[in-house]
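Take a look at the structure below.
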Protein chains: 2
Amino acid sequence: MNNQSLDSVVYQFIEDAGNATKSLGMGRVLGQIFAYLYFSQDPISLADMQDTLGISKGSASMGVRQLEKWGAVKKVWVKGDRKDYYIANDWFGRILKNAVMDTLSEKMESYASSLGSAEKSLDDLADGNGREKFIRDRLKHLGDFHDRVRGLVKNPLVKALFK
Amino acid sequence: MNNQSLDSVVYQFIEDAGNATKSLGMGRVLGQIFAYLYFSQDPISLADMQDTLGISKGSASMGVRQLEKWGAVKKVWVKGDRKDYYIANDWFGRILKNAVMDTLSEKMESYASSLGSAEKSLDDLADGNGREKFIRDRLKHLGDFHDRVRGLVKNPLVKALFK
DNA sequence: TACTTCGTTCAGTACAAACTGAACATAACA
DNA sequence: TGTTATGTTCAGTTTGTACTGAACGAAGTA
């Protein structure tokens with residue numbers, strides 16, 4: 001086996017990972033960068049990423065920062081080189097958790113806010129007619145579900161699954 | 001309280017729901033349609049959706065079909081009318097589960113396929129040098145995590161949370 | 001059978017998100 | 001201090017996708 005055929009396996013995987021993150025709505029470069037680092041033994045610089053992945057300076061910089069935020073990659077020091085180097089973290093449970101939290105928790109807040117203001121509006125105009133009661137009931141039911149999903153995060157059983 | 005102010009509460013919610021589904025990558029109309037049905041006491045036709053939400057015929061048709069696929073809405077019969085009418089289901093746990101499964105399970109298959117073909121390629125060219133071993137190890141670790149996520153779905157504890 | 005009403009399809013469009021790259025900021029070095 | 005090497009930012013461009021609407025099909029009606 002030679003390094004070239006090993007490379008082709010890795011390149012294929014980089015492409016697949018890019019498609020995966022893209023189809024998950026996270027953009028293609030995130031998957032590409034992470035896969036590249038994940039299969040590299042040595043730390044990788046931003047310039048390496050640009051060259052190997054054929055992406056722009058801006059994409060490499062912003063992509064790697066996003067991954068760092070989620071704990072997916074880590075900056076490392078390479079003696080005698082001014083460049084920033086990165087390696088991949090392989091604690092997937094933690095990475096997934098961070099990414100999901102980061103993208104979902106602010107949305108949950110926003111949903112709570114919508115529910116709250118709807119309830120408040122209803123209270124202001126309450127007269128208890130049929131339609132108002134119906135809407136109030138449905139709002140209540142939706143709020144209960146929202147709370148349940150919210151509570152799910154704190155559930156120790158679920159927490160354990162991300163360890 | 002009059003119906004107009006009730007309407008404005010509902011309209012606001014429809015807008016919020018549309019933004020929510022949109023930001024989750026499911027398109028705005030899905031949220032709009034579901035919210036409209038969810039707060040309507042009577043069954044709603046496709047024409048109603050077009051009028052109330054200001055969306056096209058095509059969007060109403062395709063949106064409602066998607067929601068039906070996930071069990072979020074149900075077609076109902078209205079005597080003496082040829083139109084199709086729909087009402088919202090309120091079993092959110094089931095709806096969420098169906099939606100997540102529908103959008104994720106095929107992706108999981110695709111990831112498994114990528115992992116599989118990478119492993120196979122490695123086996124074909126195995127010579128046990130350092131880099132190949134490194135890549136093989138990382139691939140193994142990734143595969144283990146994939147299996148763990150896959151198993152998560154069948155976990156009775158998780159299942160219970162979607163009841 | 002011709003006409004009307006309704007739902008579906010899909011090529012085209014409009015819009016939003018991802019990516020680019022040049023200008024800028026920062027820090028090391030001579 | 002000027003020069004070089006590097007990272008960041010963001011206005012502009014590209015790309016992808018959700019939505020539109022006209023054409024079509026199906027099924028009821030007169």
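Predicted, not measured: the structure shown is a model, and the values here were computed from it.
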To the side chain of A/Ser61, which of D/dT20, C/dA27, D/dG7 is closest?
D/dG7
Value rounded to 0.5 Å, distance of CG in A/Leu139 from CD in A/Glu132
10.5 Å
What pairs of nitrogen or oxygen atoms, one from the protein and one from nucleotides 10-15 of chain D, lie under 3.5 Å apart?
none

Using only heavy-atom distances, decide whether a donor-acceptor pair under 3.5 angstrom links the side-chain of B/Lys57 to the base of C/dG7.
yes
Sequence neighbours excluded, the answer for side chain to side chain donor-acceptor pair (under 3.5 Å) partners of A/Gln50 is none
For B/Ser59 and for A/Ser45, locate the closest nucleotide of DNA chain D by heavy-atom distance; then report the residue assigned to the nucleotide nearer the 5' terminus.
A/Ser45
Rounded at 0.5 Å granularity, tell me how far CD in B/Gln32 sits from OG in B/Ser59.
9.0 Å
May I ask you to check whether over 12 heavy atoms, not counting those of B/Met26, lie within 6.0 Å of atom CE?
yes
Could you verify whether a donor N or O on one side chain and an acceptor N or O on the other, from B/Gln12 and B/Asp16, lie under 3.5 Å apart?
yes
B/Ile55 vs A/Val64, nearer the 5' end of DNA chain D by closest nucleotide:
A/Val64
A/Lys79 NZ - C/dA28 C1' separation (whole Å)
18 Å
Side-chain donor/acceptor of B/Ser117 to backbone N/O of B/Ser114, under 3.5 Å
yes
Separation of A/Met49 atom CE from D/dG7 atom C1', in whole Å?
12 Å
A/Asp81 has an atom CG; how far is it from atom P of D/dG7, in whole Å?
9 Å
Which of the following nucleotides, C/dC6, D/dT20, D/dT9, is nearest to the side chain of A/Arg65?
D/dT9
Do any side-chain nitrogens or oxygens of A/Arg82 fall under 4.0 Å of OP1 or OP2 in D/dG7?
no
